[in-house]
Structures are given as C-alpha cells and as structure tokens.
There are 2 protein chains.
Amino acid sequence: MNIRDIALKAKVSVATVSRIMDPGKKGLVSPKTRAKVEKVIQKYHFVPNRSAQALSKHSTHTIGMVTPFSPEIVRSPYFEGLIAGIIEGIKPLSYDIKWIMVRDDEAGGLKLNDLMQRHAVDGMVFLAWRLMAELVKEIEKRTHLPAVLINDYDAHIRSSIVYCDNKPGMKQICAFLAAKNYSKIGMLRGPENVSPDAHERYEAFKAGLKQHKIGFHEKYTEKCERFDEQSGFHAMERWYERGDLPQVIVCANDDLAWGAMRFLQKIKVRIPEQIGIVGYDDAPRSEWTHPQLTTVRQPTEEMGKAAIETLIKLISGKDRKPVQIKFEPQLMIRESA
Amino acid sequence: MNIRDIALKAKVSVATVSRIMDPGKKGLVSPKTRAKVEKVIQKYHFVPNRSAQALSKHSTHTIGMVTPFSPEIVRSPYFEGLIAGIIEGIKPLSYDIKWIMVRDDEAGGLKLNDLMQRHAVDGMVFLAWRLMAELVKEIEKRTHLPAVLINDYDAHIRSSIVYCDNKPGMKQICAFLAAKNYSKIGMLRGPENVSPDAHERYEAFKAGLKQHKIGFHEKYTEKCERFDEQSGFHAMERWYERGDLPQVIVCANDDLAWGAMRFLQKIKVRIPEQIGIVGYDDAPRSEWTHPQLTTVRQPTEEMGKAAIETLIKLISGKDRKPVQIKFEPQLMIRESA
DNA sequence: CGGTTACATGTAAGCGCTTACAAAAATTAA
DNA sequence: TTAATTTTTGTAAGCGCTTACATGTAACCG
C-alpha cells in the first residue's frame, strides 16, 4: 500500500495525497478532498515510506547517538542520566534516535560525514567521545556539522558542546570540609590522559584548599591508573603502606571512592569516623552503599536534554554557529564525610 | 558526491559502481575496473546513500528496539543487562539499531506494520512490552512479523519470545532456605496485574515449600501494590504492625527486598541475624547494599543477545516460524540470608 | 460578462540507488 | 577461423515519495 494506491482509490493525484500527509501543508487542500482522502488513508492504514521520504526530502528525521562500542557503557551511571535526558529531550520533537556504536578499530578511518551518511542521520550527539578521540578530532575542523559533544570540555574546543564545570564542584567540597574543620585533606587523583577531568579536578582541589587556608602537600595525594574501583582500591593500598593517611580523602570520581572505601573497610578503618571519603559524580550507587557517599552531582539528565535541543537547533537552523553550554554541579552531603 | 559522480569520474556505468559497493557481488567485476573504481571511491570518500539503498532494496538494515517512552526505563538494572546483550548481539552483524519509544497514549491505535514502516526498520525487539500491552496484542495474530518479545512469558503466547523461567529460581531459593533449617518462611508478593511474574513466583514459592515439607500459611505473605522499593517498605510496615514476622522473607523482586530491608533497618531489626531477606533479579545494587542481597540472577545479557540473534534469523529467513527460547535463573547466595 | 486573481489539483521530473536485461568483450571450443 | 560460451559492462526501469510548475476551476470586480 503506497501513495499511488491511495491516490487511485481516492481518485486524486499522488501530489494531493502527499500534501495531505504533510502536516506542514495544512491549507493547501480543500476540506472536501481532504476528508475524502483521509477516509481512504484511515481505511488502508497508510503509512508513508520513510526511506522514500528521506530520499526525496534529503532529511531522515533521525538523529544519531554516538557511543563507543562497548556493552559496559550502558552500565555506567553517568550514561544512565545522559540517556534519560536525551529521551526526555527528544520527546516533544518527533525525531527518531539511532544508536551508533563506533568500534575502536574503525574510529580511525571514519569521517564525520561518512558516519552521518552511512547511518542516515541528520545530526549526532557524542557520548564518551574521548574514547573515540580519533574520530572526533575532525569535529574541531568541521564545526558547521550538526554534531554536539557531551562533557569533557577543555579550553580549545570550538565545536558545540554541553558540559559540566569541575571547579564549582571542588570548591563546594573544600568549603564543606573546611567548615567541618578538617585540616589534613588528601586526594585520590584520576589518570590525566583519559579526560581533562582528572587534571581540572586536581587543580580545583588545590585552589579550594588554598582559598580556605588549608595546608596542602603533594604527598597527601595518590594517583590512580584508571577511573575505576579497582584502581581506587590499589591506590588506597599503596597509600596505606607508605603511611601518613589524611583525615579525609577527596576522590576524583565515585568509582575511585568506592575502591578506597572497600580497602579501608577491609583493614577495619571506620568511615567516616576515622577517615572521611568524598566522591565525584553522584552515581546512583552513592545512595545505596554503606555508608552513603558524599559526592558531587552532575546534572546529567539536564545535560542530555540540552544536548538534544542544541542539536535540533543546529539541524534546522541556517547559521550553524557552535554553541557551548555550561552546567553547574552540586554537592550532595551524605554519610561518608 | 553520489554514485553517478563516481561513475563519471571513473568512466564506468553506475551499475558497475553499485556492484563494487556491494560486498555480496564479489566476482561480478573484473579486477582491473574494480581497482580503478575503488581508487576514485577512496579519493572522494564515497559513501552510498542509505535511504536510496533502502528504498531500492526494500530493507533498511536497521532493527528497532521498542520500549515504553519513559526515561526511568534506562534506570532499571534489568534494562542495563538486556541492552548490553543487545549491543553484544548486534556486534557481528552490521545492522543499525533504532530506539523506538512508544508513548502510552499512542500505543492504542498503533499497528505493528505501521511501527515498522514509520520508523523504517526491518524487525523489532520489544522490551518491557507488558507496558504496551495494547500494541503487542497484535503480535499474537501476526506471528509472521519479524518481532521478538523479551521476558514475561505466559503459556498462551505464540509469537517469538526469549524469557527466563521463574520456577527454577524459586525452587533454588526454597532448597537453600530448607538446607539452612528455616521453618517459618514468608513472602512479599508482587502485584499480579503487571506481569505474570508475580503470580508465577508466588506459585513456585508455595510449590517449593511443599517440596521441602515446610509449613505455609497465607498469612506469612504480604501483597505489594507495585514492584518498587516504596511498596516493599510499606508492605513490611503493614506486616510489622499486624505482627507475626517470619524468619526469612522471600521477595518477588529486588526492589521489594530493599524496601523491606529499609523498613527493618529503621526499626533496628538485624539482617540476616533476626530476619533474613531474599530478593529476585540480581540487580547490580545487590552487591553494594549492606548487607549484600541474596537473590536470583536472570541472565539478562544472554537474553538480549539471544533476542537479537533470533530476530535476525526471522528477518533473513524464509519461513517465519515463531521461536521461543527459555533461560534458567541462578541463585546468588550473599549476605542477607 | 470578460478579465483578473486566488485557490485547488494535476503532471512530471527528480532524489540516489539496485537490478533485470541487453550488449559487448573476452575466452573457449570446434 | 568462426561459433558458442562465459565474463564483464552498460542501459534503463523501477523503488515511493516531494515539489516546481502547469493547468483548471471558482470567486471577484468593474
């Protein structure tokens, strides 16, 4: 059942049927024919062929959600929020959403244009794009493409991006700890090669301490290999062996915090009585672990939503000027510090 | 840059270019022309237009992942596993995956064919489809459509489905509790209108007790309004007020279990020393809550993967016979019982 | 009432691909 | 060498829609 069949049955031309199907062409058909044709459309449950429409209109009405190709990704709480936001953001539009997963090995040779063509999308939002760095390098050059990045901002990025500023988060943490009169505050630092977060959070941490006149030594710091629980565990272990543990430990993300807590609990250190722990990200687990983790919430849902809205504007707008949107994090005070 | 441009530059016909682009048509072009044309393709980074291909081939090489339209859905750990499995399953194929979210209000009038046409997909897998019951009723009739359901099996379903059997799970729980010499075992039951799970698990529970000659009374049971934490909390509260708590409580899912635990902890009942708790689903949280939850794991990842594989077979096969695949759950013994 | 204008509908040329079929070229057989 | 095959390439007709343009019809005006 295609548009011609309908036209035949309704005794009108295909053009008329097409005009009736297009909500943007409200006034172009007389009420009488419209009624007649709509009856036929209803009767045969006619749904126009998307591929034909796309071919003809040069637009697929579909956007691509680009992620690295790893099942673990959906496991991450960070994604959870982002995706929820994307879903929410796409609701009022009638865009379809295609999940484009990019393998590491293919990321190198890919061009952005290719991606869009190959998957037939009008625009793309990139999640965890640091992991596809090769691909995304191009975004820097072709800033007119309808693509928006989420998070991992750093100063030289010129393309459209939605991100959450690290500084206020650390600032809030330091203010909170200062108010609690902690004087010896340490940090579990993240790996600096994965995303700018590790470095930014560390710098913001130092700045925060300084602001509250709390002493800082590099030795009140331990570097982690990755941003995961295991790394946190091992880093804590190393620190314990070399001795001189601080009163509170601020961790570069929640996973590191849990790893650290696990080690401390193993050696029977009580949290927060003996050592306090602060995380960063407010993964849902934070509320369920014991003790509940004091951490910093990034408004992932809002960010996902903003990303979609930005993208749609880019797609439909004439002037494709890159847009950069900053969000503010918020300290969530719970039990671990 | 389209196929005609390439044909022109390479001084061949479009048919030749098309044949070269199609990996299924390996032998149809002489090595010499192939080399010549491929050079041009490389040079101009030619990527064929998906919409045109789809229109011409009557296949979009895209499958739809159908879920209710609610952001909360991605929050559920059950989804996490399923989606991870779907990603994993789609890896070796080169199908695209489109996330189709169905609003409650639109689900009524929709036809499956419509859905496929409207979103340009070759087949669909349905997650949490009980929540779109109206839509899915049709699947029962049109069993030849390339669509597969995940979970929520009940006996009269004739379409393709991948599901996890509830009986062995409860059986394992009862065997375990019997071995621990519990004699007074209760259950927090789920709402029976949402999915057959509530009823099945309850029946399996009774059967399990019987098998191990453990006494059962309906009063060792409390019904919950929904399958969530709050309902578990309130149900436990009611039970506590009416008194006569059992030694262990088997919960119809993990959320109820956490709700129950939260209430018990609030009134300072020690778990598992005073009352044991068993859940069902093995949501990731189970490992992080305190105490860790003894529960039953459904192999969600494997199920997601199986669903995709089944679907692809349905799409490409000639005979579209419905396939039903059953998975077995597994008891995860942890701290809460 | 003829001429102008506004509105409604139809005609047909694409959109960029695939593929059946035809034609040409290369290979083999006789 | 020519005919019969096989292999390679080209031609052109779709796939199902949109839309610029042409045509037809109705309404309006002096």
Side-chain angles (χ1 to χ4, degrees), chain A residues 1-38 40-41 44-62 94 96 113-114 116-122, chain B residues 1-38 40-41 44-62 94 96 113-114 116-122:
Chain A
M1 192 53 50
N2 63 29
I3 202 175
R4 219 174 42 247
D5 299 325
I6 299 294
L8 244 49
K9 308 246 183 219
K11 297 197 205 310
V12 295
S13 72
V14 291
T16 302
V17 180
S18 175
R19 284 191 273 256
I20 289 174
M21 295 304 294
D22 185 342
K25 301 228 167 60
K26 264 286 155 57
L28 287 191
V29 172
S30 77
K32 212 189 294 176
T33 22
R34 159 162 259 124
K36 177 176 67 175
V37 177
E38 263 168 357
V40 180
I41 290 174
Y44 293 96
H45 266 289
F46 171 59
V47 177
N49 181 309
R50 278 284 285 255
S51 306
Q53 286 184 311
L55 180 56
S56 180
K57 302 229 273 189
H58 301 285
S59 154
T60 57
H61 223 72
T62 299
S94 60
D96 275 6
N113 276 319
D114 288 12
M116 289 186 52
Q117 276 260 331
R118 200 186 302 281
H119 297 282
V121 297
D122 293 348
Chain B
M1 193 54 50
N2 63 29
I3 201 174
R4 221 176 38 249
D5 298 325
I6 298 295
L8 244 49
K9 307 247 184 218
K11 297 197 205 310
V12 295
S13 71
V14 291
T16 302
V17 180
S18 174
R19 285 191 274 255
I20 288 173
M21 295 305 294
D22 185 342
K25 300 228 167 61
K26 264 287 155 57
L28 286 192
V29 172
S30 76
K32 215 189 292 177
T33 22
R34 161 161 257 124
K36 177 175 64 176
V37 177
E38 263 167 357
V40 180
I41 291 174
Y44 293 95
H45 266 288
F46 171 59
V47 176
N49 181 307
R50 278 283 286 254
S51 305
Q53 285 184 311
L55 180 56
S56 180
K57 302 229 273 191
H58 301 284
S59 155
T60 57
H61 221 73
T62 299
S94 60
D96 274 6
N113 276 320
D114 288 13
M116 289 187 51
Q117 278 259 332
R118 200 185 302 282
H119 297 282
V121 298
D122 294 348

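Sequence lines set the chain letters: A, B, ... in the order given, protein chains first and strands last, and positions in each chain run from 1.
- Residue whose closest nucleotide on DNA chain C sits further toward the 5' end, between Ala52(B) and Ala15(B): Ala52(B).
- Arg50(B) and His61(B) get closest at one heavy-atom pair: NH2-O, 3.4 Å.
- Across every non-hydrogen atom of Tyr44(A) and Lys9(A), the tightest pair is OH-CD, 3.4 Å.
- Across all strands, Ser18(A) comes closer than 4.0 Å to base atoms (heavy-atom distances).
- Along DNA chain D, the nucleotide nearest His58(B) and the nucleotide nearest Arg19(B) are compared for position; the residue whose nucleotide lies closer to the 5' end is Arg19(B).
- Nearest heavy atom pair, residue Leu55(A) against residue Ser51(B), reads N-CB, 4.0 Å.
- Contacts between residues 22-34 of chain A and DNA chain C, counted as heavy-atom distances below 4.0 Å, involve Gly27(A), Leu28(A), Val29(A), Ser30(A), Thr33(A).
- With sequence neighbours excluded, no residue forms a ring pair (Phe, Tyr, Trp, His ring centres under 6.0 Å) with His119(A).
- With rounding to the nearest 0.5 angstrom, the OG1 atom of Thr33(B) is 11.0 Å from the CG atom of Leu28(B).
- The outermost nucleotides of DNA chain C lying under 4.0 Å from heavy atoms of chain B, listed 5' to 3', are dG16(C) to dT19(C).
- Here Gln53(B) contributes atom CD and Met21(B) contributes atom CE; the two are 7.5 Å apart, rounded to the nearest 0.5 Å.
- Nearest heavy-atom pair across Val37(A) and Ala10(A) is CG2-CB, 4.0 Å.
- Taking CE of Met116(A) as the start and OG1 of Thr60(A) as the end, the distance is 7.5 Å to the nearest 0.5 Å.
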